[in-house]
2 protein chains.
Amino acid sequence: MRVRSFADRIGEFLPLSASEREAVEQVQGRSRSLRRGAVLVRENDRTSDLYVVSSGMMMSYVLLDDGSRQILRFLFPGDLTGASALAYAHSPECVAALCESVVCLFDRAQVAEVLARHPRLALALTAIDQAERAAMTDRLAGLGRTSAQARIAAVLLDIRDRLRRGGEDVERGFTLPLTQEEIGDASGLTAVHVNRMLRQLEEMGLIARHGTRVILADEARLKRAAKYVDRLSRVDLSWMVPAGA
Amino acid sequence: MRVRSFADRIGEFLPLSASEREAVEQVQGRSRSLRRGAVLVRENDRTSDLYVVSSGMMMSYVLLDDGSRQILRFLFPGDLTGASALAYAHSPECVAALCESVVCLFDRAQVAEVLARHPRLALALTAIDQAERAAMTDRLAGLGRTSAQARIAAVLLDIRDRLRRGGEDVERGFTLPLTQEEIGDASGLTAVHVNRMLRQLEEMGLIARHGTRVILADEARLKRAAKYVDRLSRVDLSWMVPAGA
DNA sequence: CGCGTACTTGATGTGCATCAAATGGTGTGG
DNA sequence: CCACACCATTTGATGCACATCAAGTACGCG
(Lines give C-alpha, C1' and ligand atoms only; values in the text may rest on other atoms or scores of the structure.)
Protein backbone atom coordinates (compact mmCIF):
# COMPACT_ATOMS: atom_id res chain seq x y z
CA MET A 1 0.00 0.00 0.00
CA ARG A 2 1.20 3.45 -0.93
CA VAL A 3 2.08 5.69 1.98
CA ARG A 4 3.14 9.31 1.85
CA SER A 5 3.92 11.83 4.50
CA PHE A 6 3.03 15.46 4.33
CA ALA A 7 6.71 16.33 4.01
CA ASP A 8 6.78 14.28 0.81
CA ARG A 9 3.87 16.27 -0.52
CA ILE A 10 5.35 19.65 0.29
CA GLY A 11 8.61 18.41 -1.17
CA GLU A 12 6.90 17.93 -4.51
CA PHE A 13 6.25 21.65 -4.59
CA LEU A 14 9.37 23.01 -2.99
CA PRO A 15 12.72 21.44 -2.13
CA LEU A 16 12.98 21.50 1.66
CA SER A 17 16.06 22.18 3.69
CA ALA A 18 17.07 19.60 6.26
CA SER A 19 15.77 21.67 9.14
CA GLU A 20 12.49 22.35 7.39
CA ARG A 21 11.94 18.70 6.66
CA GLU A 22 12.77 17.84 10.23
CA ALA A 23 10.30 20.43 11.50
CA VAL A 24 7.50 19.00 9.39
CA GLU A 25 8.25 15.48 10.45
CA GLN A 26 8.39 16.30 14.12
CA VAL A 27 4.87 17.59 14.18
CA GLN A 28 3.69 14.28 12.72
CA GLY A 29 0.78 13.42 14.96
CA ARG A 30 -1.31 10.38 15.82
CA SER A 31 -2.35 8.00 13.07
CA ARG A 32 -5.81 6.65 12.73
CA SER A 33 -7.13 3.80 10.59
CA LEU A 34 -10.50 3.92 8.92
CA ARG A 35 -12.43 1.26 7.12
CA ARG A 36 -14.44 1.83 4.01
CA GLY A 37 -17.36 4.10 4.71
CA ALA A 38 -16.03 5.33 8.06
CA VAL A 39 -16.72 9.00 8.70
CA LEU A 40 -13.77 10.91 10.11
CA VAL A 41 -15.45 14.29 10.51
CA ARG A 42 -19.08 15.24 10.34
CA GLU A 43 -20.25 18.65 9.23
CA ASN A 44 -20.39 21.05 12.13
CA ASP A 45 -18.20 18.87 14.35
CA ARG A 46 -15.98 20.85 16.64
CA THR A 47 -12.47 20.23 15.34
CA SER A 48 -9.04 21.60 15.95
CA ASP A 49 -7.06 19.11 13.89
CA LEU A 50 -5.77 19.06 10.36
CA TYR A 51 -5.54 15.74 8.55
CA VAL A 52 -3.15 14.28 6.06
CA VAL A 53 -4.11 11.09 4.26
CA SER A 54 -1.31 8.53 4.65
CA SER A 55 -2.80 5.70 2.63
CA GLY A 56 -6.07 4.73 1.02
CA MET A 57 -8.56 7.11 -0.50
CA MET A 58 -11.03 9.49 1.10
CA MET A 59 -13.46 12.22 0.17
CA SER A 60 -14.82 15.43 1.60
CA TYR A 61 -18.44 16.30 1.00
CA VAL A 62 -21.43 18.23 2.24
CA LEU A 63 -24.95 16.96 2.81
CA LEU A 64 -27.95 19.09 1.89
CA ASP A 65 -31.08 19.09 3.92
CA ASP A 66 -32.97 17.14 1.28
CA GLY A 67 -30.51 14.30 1.76
CA SER A 68 -28.49 14.86 -1.38
CA ARG A 69 -24.73 14.93 -1.23
CA GLN A 70 -22.10 16.97 -3.03
CA ILE A 71 -18.62 15.51 -3.01
CA LEU A 72 -16.13 18.37 -2.91
CA ARG A 73 -12.85 16.59 -3.28
CA PHE A 74 -11.27 13.20 -3.45
CA LEU A 75 -8.34 12.79 -1.10
CA PHE A 76 -5.28 10.73 -1.89
CA PRO A 77 -2.15 9.92 0.10
CA GLY A 78 -0.30 13.12 0.86
CA ASP A 79 -3.40 15.31 0.61
CA LEU A 80 -4.16 17.73 3.39
CA THR A 81 -7.71 18.32 4.57
CA GLY A 82 -9.41 19.97 7.48
CA ALA A 83 -7.36 23.14 7.03
CA SER A 84 -10.61 24.97 7.70
CA ALA A 85 -9.78 24.36 11.36
CA LEU A 86 -7.38 27.27 10.91
CA ALA A 87 -10.35 29.59 10.49
CA TYR A 88 -13.37 27.85 11.99
CA ALA A 89 -14.15 26.09 15.23
CA HIS A 90 -16.63 23.84 13.44
CA SER A 91 -16.02 21.86 10.31
CA PRO A 92 -17.83 23.12 7.20
CA GLU A 93 -17.68 19.69 5.58
CA CYS A 94 -17.66 15.95 6.19
CA VAL A 95 -14.69 13.69 5.55
CA ALA A 96 -15.05 9.94 5.04
CA ALA A 97 -13.02 6.99 3.80
CA LEU A 98 -13.71 5.51 0.38
CA CYS A 99 -11.63 2.42 1.20
CA GLU A 100 -9.40 1.23 4.00
CA SER A 101 -7.36 4.30 4.81
CA VAL A 102 -4.99 5.77 7.33
CA VAL A 103 -4.91 9.45 8.26
CA CYS A 104 -2.52 11.42 10.36
CA LEU A 105 -3.86 14.09 12.74
CA PHE A 106 -2.07 17.34 13.46
CA ASP A 107 -3.12 19.79 16.08
CA ARG A 108 -3.63 23.23 14.56
CA ALA A 109 -1.69 25.02 17.30
CA GLN A 110 1.36 22.88 16.60
CA VAL A 111 0.97 23.43 12.88
CA ALA A 112 0.71 27.16 13.43
CA GLU A 113 3.83 27.14 15.55
CA VAL A 114 5.89 25.29 12.97
CA LEU A 115 4.69 27.59 10.21
CA ALA A 116 5.61 30.61 12.30
CA ARG A 117 9.16 29.34 12.73
CA HIS A 118 9.56 28.27 9.09
CA PRO A 119 8.15 30.94 6.81
CA ARG A 120 8.99 29.05 3.65
CA LEU A 121 6.82 26.20 4.84
CA ALA A 122 3.97 28.62 5.35
CA LEU A 123 4.42 29.84 1.81
CA ALA A 124 4.61 26.31 0.45
CA LEU A 125 1.37 25.52 2.24
CA THR A 126 -0.21 28.60 0.74
CA ALA A 127 0.97 27.47 -2.68
CA ILE A 128 -0.54 24.02 -2.19
CA ASP A 129 -3.72 25.75 -1.19
CA GLN A 130 -3.71 27.83 -4.32
CA ALA A 131 -3.22 24.78 -6.47
CA GLU A 132 -6.25 23.23 -4.85
CA ARG A 133 -8.22 26.36 -5.25
CA ALA A 134 -7.46 26.30 -8.96
CA ALA A 135 -8.65 22.69 -9.12
CA MET A 136 -11.79 23.76 -7.35
CA THR A 137 -12.47 26.53 -9.83
CA ASP A 138 -12.22 23.97 -12.60
CA ARG A 139 -14.81 21.85 -10.85
CA LEU A 140 -17.03 24.88 -10.39
CA ALA A 141 -16.86 25.70 -14.08
CA GLY A 142 -17.49 22.07 -14.86
CA LEU A 143 -20.63 21.91 -12.75
CA GLY A 144 -21.92 25.24 -13.96
CA ARG A 145 -21.13 25.09 -17.61
CA THR A 146 -20.35 21.63 -18.98
CA SER A 147 -22.41 18.62 -20.06
CA ALA A 148 -22.85 15.41 -18.14
CA GLN A 149 -20.50 13.63 -20.48
CA ALA A 150 -17.76 16.19 -19.94
CA ARG A 151 -18.10 15.95 -16.19
CA ILE A 152 -17.76 12.18 -16.20
CA ALA A 153 -14.75 12.36 -18.47
CA ALA A 154 -13.23 14.92 -16.10
CA VAL A 155 -13.75 12.67 -13.07
CA LEU A 156 -12.10 9.75 -14.84
CA LEU A 157 -9.10 11.82 -15.84
CA ASP A 158 -8.79 13.34 -12.41
CA ILE A 159 -8.81 9.97 -10.63
CA ARG A 160 -6.38 8.51 -13.14
CA ASP A 161 -3.96 11.42 -12.70
CA ARG A 162 -4.02 11.22 -8.97
CA LEU A 163 -3.57 7.47 -8.84
CA ARG A 164 -0.62 7.90 -11.15
CA ARG A 165 0.88 10.66 -9.09
CA GLY A 166 0.65 8.24 -6.16
CA GLY A 167 2.85 5.83 -8.05
CA GLU A 168 0.24 3.36 -9.34
CA ASP A 169 0.63 1.89 -12.77
CA VAL A 170 -2.45 3.13 -14.62
CA GLU A 171 -1.31 2.90 -18.22
CA ARG A 172 -3.07 -0.43 -18.78
CA GLY A 173 -6.16 0.68 -16.94
CA PHE A 174 -7.01 0.97 -13.28
CA THR A 175 -9.71 -0.07 -10.87
CA LEU A 176 -12.09 2.80 -10.29
CA PRO A 177 -12.40 3.01 -6.53
CA LEU A 178 -15.82 4.69 -6.74
CA THR A 179 -19.38 3.59 -7.15
CA GLN A 180 -21.40 5.25 -9.85
CA GLU A 181 -23.39 6.96 -7.16
CA GLU A 182 -20.21 8.51 -5.79
CA ILE A 183 -19.22 9.65 -9.25
CA GLY A 184 -22.65 11.20 -9.53
CA ASP A 185 -22.35 12.98 -6.20
CA ALA A 186 -19.04 14.42 -7.33
CA SER A 187 -20.33 15.57 -10.69
CA GLY A 188 -23.83 16.73 -9.77
CA LEU A 189 -25.60 13.88 -11.59
CA THR A 190 -27.70 10.88 -10.68
CA ALA A 191 -26.17 7.41 -10.58
CA VAL A 192 -28.42 6.34 -13.43
CA HIS A 193 -27.20 9.09 -15.67
CA VAL A 194 -23.58 8.40 -14.74
CA ASN A 195 -24.13 4.87 -15.96
CA ARG A 196 -25.45 6.07 -19.28
CA MET A 197 -22.60 8.50 -19.76
CA LEU A 198 -20.03 5.82 -19.02
CA ARG A 199 -21.67 3.63 -21.61
CA GLN A 200 -21.69 6.51 -24.06
CA LEU A 201 -17.99 7.16 -23.56
CA GLU A 202 -17.42 3.46 -24.07
CA GLU A 203 -19.47 3.37 -27.27
CA MET A 204 -17.55 6.36 -28.54
CA GLY A 205 -14.34 4.43 -27.95
CA LEU A 206 -12.93 6.94 -25.48
CA ILE A 207 -12.78 4.42 -22.66
CA ALA A 208 -13.01 0.65 -22.26
CA ARG A 209 -14.40 -1.19 -19.26
CA HIS A 210 -13.79 -4.73 -18.06
CA GLY A 211 -15.53 -5.45 -14.78
CA THR A 212 -14.41 -2.79 -12.37
CA ARG A 213 -11.39 -1.81 -14.43
CA VAL A 214 -11.33 1.20 -16.71
CA ILE A 215 -8.94 1.95 -19.52
CA LEU A 216 -8.70 5.42 -20.97
CA ALA A 217 -8.56 4.20 -24.53
CA ASP A 218 -8.43 7.49 -26.41
CA GLU A 219 -6.91 9.92 -24.02
CA ALA A 220 -6.66 12.81 -26.42
CA ARG A 221 -10.34 12.76 -27.26
CA LEU A 222 -11.26 12.12 -23.64
CA LYS A 223 -9.37 15.22 -22.59
CA ARG A 224 -11.11 17.22 -25.24
CA ALA A 225 -14.46 15.89 -24.10
CA ALA A 226 -13.62 16.89 -20.54
CA LYS A 227 -12.24 20.32 -21.39
CA TYR A 228 -9.26 19.13 -19.43
CA VAL A 229 -6.53 21.40 -18.10
CA ASP A 230 -3.60 19.94 -16.23
CA ARG A 231 -2.99 22.61 -13.66
CA LEU A 232 -0.79 20.71 -11.27
CA SER A 233 2.00 20.38 -13.76
CA ARG A 234 2.07 24.12 -14.03
CA VAL A 235 2.86 24.97 -10.44
CA ASP A 236 5.87 27.21 -10.36
CA LEU A 237 7.53 28.29 -7.14
CA SER A 238 10.81 29.22 -8.75
CA TRP A 239 10.37 32.85 -7.74
CA MET A 240 10.53 31.93 -4.07
CA VAL A 241 13.74 32.48 -2.14
CA PRO A 242 15.83 29.31 -1.95
CA ALA A 243 16.09 27.29 1.25
CA GLY A 244 18.49 28.39 3.94
CA ALA A 245 20.57 25.85 5.85
CA MET B 1 -17.37 55.68 -2.41
CA ARG B 2 -16.36 52.96 0.01
CA VAL B 3 -12.66 52.29 0.25
CA ARG B 4 -10.93 49.64 2.27
CA SER B 5 -7.35 48.61 2.57
CA PHE B 6 -6.13 45.11 2.95
CA ALA B 7 -5.05 45.86 6.50
CA ASP B 8 -8.68 46.68 7.27
CA ARG B 9 -9.75 43.35 5.89
CA ILE B 10 -7.20 41.35 7.85
CA GLY B 11 -8.13 43.36 10.89
CA GLU B 12 -11.67 42.04 10.63
CA PHE B 13 -10.33 38.60 11.21
CA LEU B 14 -7.55 39.24 13.65
CA PRO B 15 -6.60 42.27 15.73
CA LEU B 16 -3.25 43.46 14.41
CA SER B 17 -0.38 44.81 16.45
CA ALA B 18 0.99 48.20 15.49
CA SER B 19 4.03 46.72 13.81
CA GLU B 20 1.95 44.21 11.91
CA ARG B 21 -0.38 46.87 10.64
CA GLU B 22 2.54 49.00 9.65
CA ALA B 23 4.10 46.08 7.77
CA VAL B 24 0.92 45.49 5.80
CA GLU B 25 0.54 49.13 4.98
CA GLN B 26 4.10 49.56 3.83
CA VAL B 27 3.75 46.94 1.15
CA GLN B 28 0.76 48.84 -0.23
CA GLY B 29 1.53 48.99 -3.90
CA ARG B 30 0.41 50.93 -6.94
CA SER B 31 -3.27 51.71 -7.43
CA ARG B 32 -5.05 51.28 -10.69
CA SER B 33 -8.47 52.51 -11.79
CA LEU B 34 -10.74 50.47 -13.98
CA ARG B 35 -13.95 51.38 -15.71
CA ARG B 36 -16.91 49.08 -15.97
CA GLY B 37 -16.08 46.10 -18.15
CA ALA B 38 -12.33 46.62 -18.00
CA VAL B 39 -10.35 43.41 -17.77
CA LEU B 40 -7.53 43.47 -15.24
CA VAL B 41 -6.16 39.98 -15.85
CA ARG B 42 -6.83 37.56 -18.66
CA GLU B 43 -6.64 33.83 -18.21
CA ASN B 44 -3.14 32.57 -18.81
CA ASP B 45 -1.61 36.00 -18.46
CA ARG B 46 1.82 35.97 -16.92
CA THR B 47 1.35 37.62 -13.53
CA SER B 48 3.36 38.09 -10.41
CA ASP B 49 1.03 40.47 -8.59
CA LEU B 50 -1.69 40.02 -6.04
CA TYR B 51 -4.64 42.42 -6.08
CA VAL B 52 -6.80 43.96 -3.42
CA VAL B 53 -9.98 45.72 -4.45
CA SER B 54 -10.01 49.22 -2.95
CA SER B 55 -13.37 50.37 -4.23
CA GLY B 56 -16.03 49.33 -6.68
CA MET B 57 -16.97 45.78 -7.52
CA MET B 58 -15.22 43.17 -9.61
CA MET B 59 -15.46 39.52 -10.53
CA SER B 60 -13.20 36.61 -11.33
CA TYR B 61 -14.27 34.12 -13.98
CA VAL B 62 -13.15 31.56 -16.50
CA LEU B 63 -14.12 31.31 -20.14
CA LEU B 64 -14.79 27.93 -21.73
CA ASP B 65 -13.84 27.18 -25.28
CA ASP B 66 -17.47 27.24 -26.40
CA GLY B 67 -17.63 30.86 -25.29
CA SER B 68 -19.57 30.32 -22.10
CA ARG B 69 -18.44 31.92 -18.89
CA GLN B 70 -18.44 30.79 -15.28
CA ILE B 71 -18.13 33.54 -12.73
CA LEU B 72 -16.18 32.20 -9.77
CA ARG B 73 -16.40 35.02 -7.31
CA PHE B 74 -17.61 38.56 -6.86
CA LEU B 75 -14.99 40.86 -5.42
CA PHE B 76 -15.77 43.70 -3.06
CA PRO B 77 -13.56 46.33 -1.42
CA GLY B 78 -11.03 44.62 0.81
CA ASP B 79 -11.13 41.34 -1.11
CA LEU B 80 -7.87 39.78 -2.20
CA THR B 81 -7.53 38.11 -5.55
CA GLY B 82 -4.75 36.82 -7.73
CA ALA B 83 -3.24 34.86 -4.87
CA SER B 84 -2.73 32.10 -7.39
CA ALA B 85 0.40 34.07 -8.36
CA LEU B 86 1.88 32.47 -5.25
CA ALA B 87 1.73 29.09 -6.96
CA TYR B 88 1.51 29.74 -10.68
CA ALA B 89 3.34 31.85 -13.19
CA HIS B 90 0.17 32.19 -15.27
CA SER B 91 -3.23 33.21 -14.05
CA PRO B 92 -5.84 30.43 -13.99
CA GLU B 93 -8.68 32.95 -14.20
CA CYS B 94 -9.76 36.32 -15.51
CA VAL B 95 -10.52 39.33 -13.36
CA ALA B 96 -12.68 42.22 -14.55
CA ALA B 97 -14.48 45.24 -13.17
CA LEU B 98 -18.27 45.19 -12.79
CA CYS B 99 -18.35 48.96 -12.24
CA GLU B 100 -15.85 51.78 -11.80
CA SER B 101 -13.29 50.26 -9.48
CA VAL B 102 -9.86 50.77 -8.02
CA VAL B 103 -7.45 47.96 -7.26
CA CYS B 104 -4.16 47.92 -5.47
CA LEU B 105 -1.31 45.80 -6.82
CA PHE B 106 1.19 43.97 -4.61
CA ASP B 107 4.25 42.21 -5.86
CA ARG B 108 4.28 38.62 -4.67
CA ALA B 109 7.92 38.73 -3.59
CA GLN B 110 7.19 41.66 -1.30
CA VAL B 111 4.13 39.93 0.06
CA ALA B 112 6.14 36.78 0.70
CA GLU B 113 8.78 38.77 2.51
CA VAL B 114 6.31 40.49 4.82
CA LEU B 115 4.60 37.21 5.59
CA ALA B 116 7.93 35.64 6.43
CA ARG B 117 8.70 38.38 8.93
CA HIS B 118 5.20 38.40 10.43
CA PRO B 119 4.00 34.83 10.95
CA ARG B 120 0.69 35.90 12.41
CA LEU B 121 -0.09 37.75 9.21
CA ALA B 122 0.65 34.59 7.26
CA LEU B 123 -1.77 32.69 9.45
CA ALA B 124 -4.40 35.38 9.11
CA LEU B 125 -4.04 35.18 5.36
CA THR B 126 -4.42 31.43 5.53
CA ALA B 127 -7.56 31.89 7.58
CA ILE B 128 -9.01 34.32 5.05
CA ASP B 129 -8.23 31.77 2.42
CA GLN B 130 -10.04 29.08 4.31
CA ALA B 131 -13.08 31.27 4.73
CA GLU B 132 -13.14 31.75 0.99
CA ARG B 133 -12.65 28.11 0.37
CA ALA B 134 -15.69 27.40 2.52
CA ALA B 135 -17.70 29.91 0.50
CA MET B 136 -16.54 28.16 -2.64
CA THR B 137 -17.66 24.77 -1.38
CA ASP B 138 -21.08 26.25 -0.78
CA ARG B 139 -21.17 27.45 -4.37
CA LEU B 140 -20.04 24.04 -5.58
CA ALA B 141 -22.80 22.32 -3.67
CA GLY B 142 -25.23 24.91 -4.97
CA LEU B 143 -24.30 24.31 -8.60
CA GLY B 144 -24.24 20.56 -8.24
CA ARG B 145 -27.25 19.95 -6.12
CA THR B 146 -29.71 22.81 -5.92
CA SER B 147 -32.48 24.16 -8.12
CA ALA B 148 -32.31 27.28 -10.23
CA GLN B 149 -34.51 29.11 -7.75
CA ALA B 150 -32.22 28.27 -4.86
CA ARG B 151 -29.16 29.47 -6.75
CA ILE B 152 -30.73 32.81 -7.57
CA ALA B 153 -31.81 33.27 -3.99
CA ALA B 154 -28.28 32.46 -2.89
CA VAL B 155 -26.77 35.05 -5.23
CA LEU B 156 -29.15 37.73 -3.95
CA LEU B 157 -28.33 36.96 -0.33
CA ASP B 158 -24.62 36.83 -1.04
CA ILE B 159 -24.55 40.20 -2.75
CA ARG B 160 -26.72 41.76 -0.06
CA ASP B 161 -24.45 40.45 2.71
CA ARG B 162 -21.35 41.71 1.06
CA LEU B 163 -22.73 45.14 0.30
CA ARG B 164 -23.78 45.36 3.92
CA ARG B 165 -20.39 44.27 5.18
CA GLY B 166 -19.00 47.09 3.08
CA GLY B 167 -21.10 49.53 5.03
CA GLU B 168 -23.94 50.15 2.57
CA ASP B 169 -27.44 50.54 3.88
CA VAL B 170 -29.30 47.61 2.36
CA GLU B 171 -32.21 47.21 4.74
CA ARG B 172 -34.61 49.10 2.47
CA GLY B 173 -33.33 47.38 -0.61
CA PHE B 174 -30.29 47.87 -2.77
CA THR B 175 -29.35 48.32 -6.39
CA LEU B 176 -28.26 45.01 -7.77
CA PRO B 177 -25.02 45.81 -9.56
CA LEU B 178 -25.34 42.85 -11.94
CA THR B 179 -27.10 42.13 -15.19
CA GLN B 180 -29.24 39.04 -15.34
CA GLU B 181 -26.68 37.54 -17.66
CA GLU B 182 -24.01 37.99 -15.02
CA ILE B 183 -26.22 36.40 -12.40
CA GLY B 184 -26.67 33.51 -14.79
CA ASP B 185 -22.96 33.13 -15.38
CA ALA B 186 -22.43 32.99 -11.64
CA SER B 187 -25.17 30.46 -11.03
CA GLY B 188 -24.79 28.24 -14.08
CA LEU B 189 -28.04 29.36 -15.72
CA THR B 190 -29.10 31.29 -18.79
CA ALA B 191 -30.13 34.91 -18.52
CA VAL B 192 -33.63 33.99 -19.64
CA HIS B 193 -34.06 31.52 -16.84
CA VAL B 194 -32.62 33.95 -14.31
CA ASN B 195 -35.36 36.35 -15.33
CA ARG B 196 -38.05 33.75 -14.76
CA MET B 197 -36.65 32.78 -11.38
CA LEU B 198 -36.52 36.40 -10.26
CA ARG B 199 -40.13 36.76 -11.26
CA GLN B 200 -40.98 33.57 -9.41
CA LEU B 201 -39.30 34.77 -6.23
CA GLU B 202 -41.20 38.02 -6.63
CA GLU B 203 -44.54 36.26 -7.11
CA MET B 204 -43.83 34.17 -4.05
CA GLY B 205 -43.32 37.37 -2.11
CA LEU B 206 -39.72 36.57 -1.15
CA ILE B 207 -38.36 39.63 -2.91
CA ALA B 208 -39.71 42.86 -4.38
CA ARG B 209 -38.28 44.72 -7.32
CA HIS B 210 -38.61 48.35 -8.37
CA GLY B 211 -36.56 49.21 -11.41
CA THR B 212 -33.04 48.15 -10.63
CA ARG B 213 -33.61 48.01 -6.88
CA VAL B 214 -34.25 44.78 -5.02
CA ILE B 215 -35.74 44.33 -1.59
CA LEU B 216 -35.42 41.06 0.23
CA ALA B 217 -38.98 41.08 1.45
CA ASP B 218 -39.15 37.79 3.30
CA GLU B 219 -35.64 37.09 4.35
CA ALA B 220 -36.38 34.00 6.40
CA ARG B 221 -38.09 32.22 3.54
CA LEU B 222 -35.49 33.45 1.07
CA LYS B 223 -32.75 31.94 3.20
CA ARG B 224 -34.62 28.68 3.36
CA ALA B 225 -35.08 28.71 -0.40
CA ALA B 226 -31.36 29.30 -0.85
CA LYS B 227 -30.23 26.73 1.73
CA TYR B 228 -28.31 29.63 3.12
CA VAL B 229 -25.45 29.26 5.61
CA ASP B 230 -23.73 32.33 6.95
CA ARG B 231 -20.17 31.08 7.22
CA LEU B 232 -18.36 34.36 7.58
CA SER B 233 -19.93 35.13 10.91
CA ARG B 234 -18.51 31.90 12.22
CA VAL B 235 -14.84 32.59 11.64
CA ASP B 236 -13.04 31.98 14.89
CA LEU B 237 -9.35 32.74 15.32
CA SER B 238 -9.46 32.88 19.09
CA TRP B 239 -7.15 29.89 19.37
CA MET B 240 -4.33 31.83 17.76
CA VAL B 241 -1.57 33.32 19.87
CA PRO B 242 -2.22 36.96 20.71
CA ALA B 243 -0.29 39.73 19.01
CA GLY B 244 3.15 40.63 20.29
CA ALA B 245 4.25 44.24 20.49
C1' DC C 1 -28.03 -20.67 -1.06
C1' DG C 2 -30.09 -16.26 -0.10
C1' DC C 3 -29.42 -11.61 0.69
C1' DG C 4 -27.66 -6.96 -0.09
C1' DT C 5 -25.43 -3.79 -2.97
C1' DA C 6 -24.01 -2.15 -7.29
C1' DC C 7 -24.93 -2.00 -11.98
C1' DT C 8 -27.95 -1.95 -16.10
C1' DT C 9 -31.78 -0.75 -19.02
C1' DG C 10 -36.32 1.10 -20.40
C1' DA C 11 -40.28 4.38 -19.97
C1' DT C 12 -41.79 8.62 -18.67
C1' DG C 13 -41.56 13.31 -16.75
C1' DT C 14 -39.65 17.95 -16.09
C1' DG C 15 -36.46 21.75 -15.37
C1' DC C 16 -33.89 24.43 -17.83
C1' DA C 17 -31.98 25.68 -22.58
C1' DT C 18 -32.80 27.50 -26.91
C1' DC C 19 -35.00 30.26 -30.25
C1' DA C 20 -37.63 34.16 -31.29
C1' DA C 21 -39.71 38.54 -30.70
C1' DA C 22 -41.52 42.42 -28.20
C1' DT C 23 -40.78 46.05 -24.61
C1' DG C 24 -38.44 49.47 -22.07
C1' DG C 25 -34.46 52.33 -20.58
C1' DT C 26 -30.26 54.98 -21.65
C1' DG C 27 -26.82 57.39 -23.94
C1' DT C 28 -25.52 59.61 -28.42
C1' DG C 29 -25.61 62.42 -32.37
C1' DG C 30 -28.37 65.26 -35.15
C1' DC D 1 -35.35 67.87 -27.77
C1' DC D 2 -36.01 64.13 -30.65
C1' DA D 3 -34.54 59.96 -33.33
C1' DC D 4 -32.01 56.30 -33.17
C1' DA D 5 -29.15 52.51 -31.72
C1' DC D 6 -27.96 49.52 -28.29
C1' DC D 7 -28.53 46.86 -24.47
C1' DA D 8 -31.06 44.70 -20.63
C1' DT D 9 -35.29 42.81 -19.58
C1' DT D 10 -39.43 40.35 -20.47
C1' DT D 11 -42.44 36.82 -22.41
C1' DG D 12 -43.90 32.84 -25.25
C1' DA D 13 -43.13 28.45 -27.83
C1' DT D 14 -40.57 24.50 -28.38
C1' DG D 15 -36.90 21.05 -27.53
C1' DC D 16 -33.67 18.37 -25.07
C1' DA D 17 -30.71 16.80 -21.30
C1' DC D 18 -31.06 14.90 -17.33
C1' DA D 19 -34.15 13.26 -13.34
C1' DT D 20 -37.31 10.01 -11.72
C1' DC D 21 -39.57 5.70 -11.48
C1' DA D 22 -39.50 0.93 -12.18
C1' DA D 23 -37.55 -3.69 -13.25
C1' DG D 24 -34.38 -6.44 -14.01
C1' DT D 25 -29.26 -8.61 -13.81
C1' DA D 26 -24.76 -9.61 -11.91
C1' DC D 27 -21.76 -10.02 -8.28
C1' DG D 28 -19.81 -10.63 -3.56
C1' DC D 29 -20.48 -12.39 1.02
C1' DG D 30 -22.69 -14.28 5.17
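Remember, it's a predicted structure, so these values are computed and weren't measured experimentally. Chain letters run A, B, ... following the sequence lines, proteins first and then strands; every chain starts at 1.
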**Q** Is the number of heavy atoms from other residues, nucleotides or ligands within 6.0 Å of CD (E181(B)) greater than 12?
**A**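 Check fails, neighbour count at 12 or below.
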**Q** Over all heavy atoms of both residues, which pair between V62(A) and P92(A) is shortest? Give the atoms and the distance, please.
**A**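 Between these two residues, the closest heavy atoms are CG1-O, 3.6 Å.
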**Q** Distance-only, no hydrogens or angles: does the R151(A) side chain make a donor-acceptor pair with backbone N or O of T146(A) under 3.5 Å?
**A** yes
**Q** Between S91(B) (side chain only) and E93(B) (backbone N and O only), is there a donor and an acceptor less than 3.5 Å apart?
**A** yes
**Q** How far does NE2 of H210(A) sit from CD1 of I215(A), to the nearest 0.5 angstrom?
**A** 5.5 Å
**Q** At their closest point, which heavy atom of L98(B) faces which heavy atom of R36(B), and how far apart are they?
**A** O-NH1, 2.6 Å
**Q** Determine: side-chain N/O of N195(A) to OP1/OP2 of dC7(C), distance under 4.0 Å, yes or no.
**A** no
**Q** Test the R162(A)-F76(A) pair against the cation-pi criterion, namely NZ or CZ under 6.0 angstrom from the six-membered ring centroid and within 45° of the ring axis.
**A**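 Pair R162(A)/F76(A) does not count as cation-pi.
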**Q** Short question: side chain of R145(A), backbone of L140(A) - any donor-acceptor pair under 3.5 Å?
**A**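 Side chain of R145(A) to backbone of L140(A): no pair is present.
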**Q** Looking only at heavy atoms, what is the nearest atom pair of L143(B) and G188(B), with distance?
**A**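 Heavy-atom minimum between the residues: CD2-N, 4.0 Å.
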**Q** Report, as a single string ordered 5' to 3', how protein heavy atoms within less than 4.0 Å touch nucleotides 10-19 of chain C: B base, S sugar-phosphate only, - not at all.
**A** BB----BSBB
**Q** Could you give the start and end, 5' to 3', of the contact zone on DNA chain D for chain A, using atoms under 4.0 Å from its heavy atoms?
**A** dC18(D) to dC21(D)
**Q** Mind calculating the distance between CD (Q180(A)) and C1' (dA6(C)) to the nearest angstrom?
**A**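 Atom CD in Q180(A) sits about 8 Å away from atom C1' in dA6(C).
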**Q** Spell out protein contact along nucleotides 21-26 of chain C as letters: B when the base is contacted, S when just the sugar-phosphate is, - when no protein heavy atom is under 4.0 Å; keep the 5' to 3' order.
**A** ------
**Q** With heavy-atom distances below 4.5 Å as the criterion, would you say the side chains of R73(B) and E132(B) are in contact?
**A**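 With C-beta onward as the side chain, the pair touches.
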